[in-house]
> 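Okay, handing you the structure first.
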Amino acid sequence: MAHEVERPTYEIVGPIQRYDERDNVFAREALLPGSPEEREYHSRHPKLAKIDRRLADHFFEGAQKSTGEEQQAPSDALPASTFRAVSSLALPDAVDGPVSPRKVRVAPVEMARNIKSLARSLGAVQVRIGPLNPAWIYTNRGVWPFFDDYRANPPAFDGVPQGYQGLNYGDPIEIDHRFAISMAFPQNPRLIATSPSKTSSFEIGRVYAASALASVELGNYIRALGYPARAHHLRNYGVLLVPVAVDSGLGELGRCGYLMSKELGANFRLACVTTDLPLATEKPVDLGVQDFCEKCLKCAKNCPSAAIPTRGKVVVRGVRRWQIDAEKCLLYWGSQRAACAICQVVCPWSKPPTLFHRSIAELAVRFPAARRLLIQADDWVYGAGYKRASVPDWAGSRESMAES
Ligand code: SF4
Ligand code: SF4
């Protein structure tokens with residue numbers, strides 16, 4: 001396979017420390033002030049209390065809007081149409097479940113081919129299978145829904161759904177699967193280029209919903225074959241999707257914090273299924289993204305919240321890589337009342353998969369000396385600065401008027 005290498009392009013500089021999902025900004029913004037979970041978390045991380053309160057304020061205002069309490073225009077309802085669908089796929093018996101007692105005998109190479117074809121039939125545009133490194137499994141559960149006293153449950157669920165009261169914030173996460181199937185689902189460039197808007201939020205949610213359904217379906221299939229499998233998607237992760245996907249060769253981690261692939265650039269969302277189904281695995285790839293991002297900086301220059309580093313990599317839990325400031329990013333989303341994807345849009349790799357753009361990507365991968373010129377050419381052709389696209393008419397009159 002082209003561009004495959006023995007080691008992933010992130011640099012391991014010490015023992016990798018597993019990540020606690022409770023440290024994720026999305027977990028922290030949903031903590032109910034004064035709840036036992038919030039008090040416990042901030043007793044361990046007192047310096048985060050102030051910023052988390054700001055994140056939570058944004059979250060609460062956003063939730064009010066999505067329940068319709070403050071809805072002002074049809075476009076305000078768009079994100080709920082897709083994001084709520086993801087939540088309903090997050091229940092424990094959707095992402096996991098009983099395994100058929102009748103085990104089908106499989107040959108790993110042939111089975112890997114079948115699984116990849118099935119994943120594509122379910123909507124994935126890129127699929128890769130890698131080993132599951134236990135270092136990428138979260139230590140403890142921290143993100144919604146399903147917890148008592150957790151304000152992220154509504155509007156997706158009215159309290160904790162019947163039968164799921166046994167899941168607790170902070171529960172240890174244990175997954176002993178050997179393999180991970182990583183899947184990439186593209187976002188519509190036309191809609192995502194309206195970012196930040198209700199329309200781009202809708203599109204992000206639409207792709208997350210499609211990827212969640214595909215991962216749940218693929219997990220169901222594997223368990224019906226007689227092997228354990230667990231889907232991982234936006235509303236119920238057990239593993240860090242980006243390094244898992246890097247290990248499988250789906251792409252590389254870019255400066256913007258997203259996975260970058262040769263085919264889709266940064267304009268896609270990930271989902272994954274971990275399993276013990278015997279599968280032939282693939283190797284990581286070196287597309288030259290580390291060198292390209294070193295020279296490029298376009299996402300960092302266009303990020304409205306200055307969340308993307310303009311300087312070098314840092315060591316994060318044993319791995320040297322670029323690290324975005326997730327708090328700044330999320331606060332910007334809150335200020336806009338919409339998800340931002342400007343960094344995904346402006347990235348020179350995020351181009352439609354025409355023959356021309358595929359050839360340019362191939363050039364960027366194979367000829368390091370051409371990269372500076374390609375970066376410059378991207379600015380000449382598409383502009384150095386982000387130009388927000390107009391919102392399509394169907395997305396709602398008020399948003400159209402406000403942004404036209
Ligand atoms: S999503 Fe927007 S705010 Fe966040 S890092 Fe990307 S460009 Fe910056
Ligand atoms: S915009 Fe440039 S620096 Fe940012 S992720 Fe894309 S290639 Fe890397």
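Just the heavy atoms: all of them, side chains too, but no hydrogens, waters or symmetry mates, feed the values below. We count ligands from 1, going down the list as the structure has it; atoms in each ligand are counted the same way.
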> Verify whether one side chain among Tyr10 and Asp247 offers a donor that lies under 3.5 Å from an acceptor in the other.
yes

> Are Leu297 and ligand 2 in contact, using a heavy-atom cut-off of under 4.0 Å?
yes

> Provide, to 0.1 Å, the distance between atom 8 (Fe) of ligand 1 and the closest protein heavy atom, together with that atom's residue and name.
Cys303 SG, 2.3 Å

> How long is the straight-line distance from CZ of Arg54 back to CG of Leu330, given to the nearest 0.5 Å?
11.0 Å

> Looking at atom 3 (S) of ligand 1, what's its closest protein heavy atom, distance included?
Ser305 OG, 3.4 Å

> Within a distance under 4.0 Å of any heavy atom of Cys340, pick out the atoms of ligand 1 and give their elements.
1 (S), 2 (Fe), 3 (S), 7 (S)

> Would you mind finding which of Trp322, Tyr258, Phe292 brings a heavy atom closest to atom 7 (S) of ligand 2?
Phe292

> Please determine whether Cys293 has a backbone or side-chain N, O or S atom lying under 2.8 Å from atom 2 (Fe) of ligand 2.
no

> Quick check on atom 4 (Fe) of ligand 2: does Cys343 put an N/O/S atom closer than 2.8 Å to it?
no

> Are Asn140 and Tyr169 linked by a side-chain donor-acceptor pair shorter than 3.5 Å?
no

> Looking at every heavy atom in both Glu252 and Val285, which two are closest together, and how far apart are they?
CG-O, 3.7 Å

> Tell me, please: is Glu294 in heavy-atom contact with ligand 2, that is, under 4.0 Å?
no

> Show the numbers, then the answer: is there a side-chain contact (heavy atoms from CB on, under 4.5 Å) between Leu270 and Val244?
CA-CA 10 Å; Leu270 286 167; Val244 166; over 6 Å; no

> Using a strict cut-off of 4.0 Å, indicate which atoms of ligand 1 neighbour a heavy atom of Trp333.
1 (S), 4 (Fe)

> At a 4.0 Å threshold, what atoms of ligand 1 neighbour a non-hydrogen atom of Cys329?
1 (S), 3 (S), 4 (Fe), 5 (S)

> Taking all atoms of both residues into account, what is the closest heavy-atom pair of His177 and Leu132, and its distance?
O-CD2, 3.4 Å

